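In what follows, a structure is listed as structure tokens, so that the remarks can point back to it.
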There are 2 protein chains.
Amino acid sequence: MAPVTNGRVLFNSIPKGKQLFLYNYPIPGKTTVYDPTGTIDVETHPLNGGFLVKTLVVSVDPGMRVRMRNPEEPSYVPAFKLGETITGFGIGIVVRSENSDVAPGKHIYGMGFQYQEYFVLPGMAGFAFLEKDPLLSWTVYTGAAGLPGKTAYMGWKKHAHAKRGETVFVTAGAGPVGFAQIPAPLQDGYPTGQARGLKVVASAGSDEKVQVMHEVGADVAFNYKTNNTREVLAREGPIDIYWDNVGGDVLDAAIENAAIHGRVLLCGMVSGYNTGQQGIQNLFQAISKTLTISGVTSFRLFPEYEAEFYATVPPALARGELKYKEHVAYGLEKAGDLVLAVQTGANTLKGKAVIVVAA
Amino acid sequence: MAPVTNGRVLFNSIPKGKQLFLYNYPIPGKTTVYDPTGTIDVETHPLNGGFLVKTLVVSVDPGMRVRMRNPEEPSYVPAFKLGETITGFGIGIVVRSENSDVAPGKHIYGMGFQYQEYFVLPGMAGFAFLEKDPLLSWTVYTGAAGLPGKTAYMGWKKHAHAKRGETVFVTAGAGPVGFAQIPAPLQDGYPTGQARGLKVVASAGSDEKVQVMHEVGADVAFNYKTNNTREVLAREGPIDIYWDNVGGDVLDAAIENAAIHGRVLLCGMVSGYNTGQQGIQNLFQAISKTLTISGVTSFRLFPEYEAEFYATVPPALARGELKYKEHVAYGLEKAGDLVLAVQTGANTLKGKAVIVVAA
């Protein structure tokens, strides 16, 4: 068989700025570049005892921004290497294998997926097999049934400690994690969130997003650009559980409106990734209100909750009990646009950003 | 019997400044005033069904500063009323009673003690009986066996989740709570903290305080004015458990040097009570390191731990297994000086500040 194009996405330059939280957004075609020049002969490409993966879908996430930094700046995730293919969460199918444990036709997923049409893996370290519910598409497994869904499910299980009648606040509620956090109370066993009387308040930056937050289950949804977050929280609160995806002043506003014994689940601080973090002023109230503030890093919760997650969430999504929204782009050449869009919260973005590389 | 002097401490003026964290220290004789003009006839003063309390000791605590504010500013504790006697944690003896449940000779304690030599209580609401270990003085029951001790014991029990070999960092380690927090690992059942290999690193603002921190059990003690806290923490860390009594930049330094899955116990933010809080810049690392940050408000832990505390801690103090330090002043006329000293961390202050009102 003749060689075919093996396109990939390269990390090309570090957005200018200082420290970890650089003061510039990633620019399509500059920060990342789509490279269509490579080819591969799928039938003859040497495997050296490994196996060849055909990429089906790759995820585009706000946290990828943290990897687009000077590698000398420490972080919990390694920096992307300049001139090399970016990596992240993806799903693929094994098309050829010299490893007897990894049969062709098997689907695999992992955090170390190459953003490339085909690539060779030496073994399954860092990857796992995945079976798809026939009613769901693979794209769902990057979102509501993927990392954002895991963050919501596992963070909720570990840290929410929800009680009947409590109020939950979600920011960036139309973002990939927020979409999964809004219905998270529904995942917390039966009776469902609504039956337990949990109220979910969610915010995002456009009226269209307010609409989709209602669709995935928010009881109260508002546009923070046209409403005063503090006023809404004072009216709808106090807040028992706050899913923080943005940090900065909104975190301060949530702390101001937190209930005694409130729980703050820190999932992201997208407000500061590109423009610098704003200091948190109200932490004293964590003492006076006996708050518990927990950092949620889902991969550290995998050992405890991953089997339960896959047994629970994809079936609930397939049955329609949990709602989700996706923003699907086709082809790795769209990666740069999506990488930027998840940082800016572009209005065109209406759900979990995912790229379909092959069907 | 002839009337005797019934001296008291009045709240006289609000230290000037803005918001909750006023930018001025409390001034002896101005913020609070000792009023020696009152008298009482102990034998005939009307009780109206209540009982007369003779004050033995009253506690002076940094958190009292929060009450010296404009009452229109909300907080978790009520503001002191101008022109009225200040209140706080004290211990007294019932000298006369018209309440059959409250016998003369009984000792009582409570958070609502009048800072006055004698006062009448209508009932025991908000107060409780207390029996003293014969080897301890009443002053100890305001400190290591009082509220600071409870904060340390209950905060540790609830939030520390210590594991063998971990490192604990305590700031304001020579303050009243810090003194109880340094040996807190010792309270965590047998084997003792040292036997479990917990290392306690403690900081304070003078070489004399470094000395006393060693005496109460710190493995590493340093003067933050002559050492760089970040350097010490980088050398002695990473920090698994941080008892934060100061907030501000030191909290940021502790977060920078926190271990994965570290626990931050917020007990006070004395760095900002008088000079304004500094925003916390590093909260993103709470996500990357999966930190848990817990506000410790001991009175909300009383229902769970108070009986256990009194059964455990005073005997351990009496046996000398837990060490403590006190700074005892005699007479309510010293209140103003101590109220200021616990805010400034005056070098003359060498332990829990307490006033002996009567023997």
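Since the model is a prediction, treat every value here as computed from it, not as a measurement. Chain naming here is simple, since letters A, B, ... match the order of the sequence lines and numbering starts at 1 in each.
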Checklist entry - Who passes ring-ring contact (aromatic ring centres under 6.0 Å, His included) against Phe80(B), sequence neighbours left out? => result Phe11(B)
Checklist entry - Looking at Leu265(B), Val264(B), Ile260(B), which makes the most heavy-atom pairs under 4.5 Å with chain A? => result Ile260(B)
Checklist entry - If every non-hydrogen atom of Ile287(A) is compared with every non-hydrogen atom of Arg300(B), which pair is closest and at what distance? => result O-NH1, 4.3 Å
Item to check | Segment of Leu301(B) engaging chain A (4.5 angstrom heavy-atom cut-off) | outcome: neither
Item to check | Residue-level contacts of residues 290-298 of chain A with chain B, using a heavy-atom cutoff under 4.5 Å | outcome: Thr290(A), Leu291(A), Thr292(A), Ile293(A), Ser294(A), Gly295(A), Val296(A), Thr297(A)
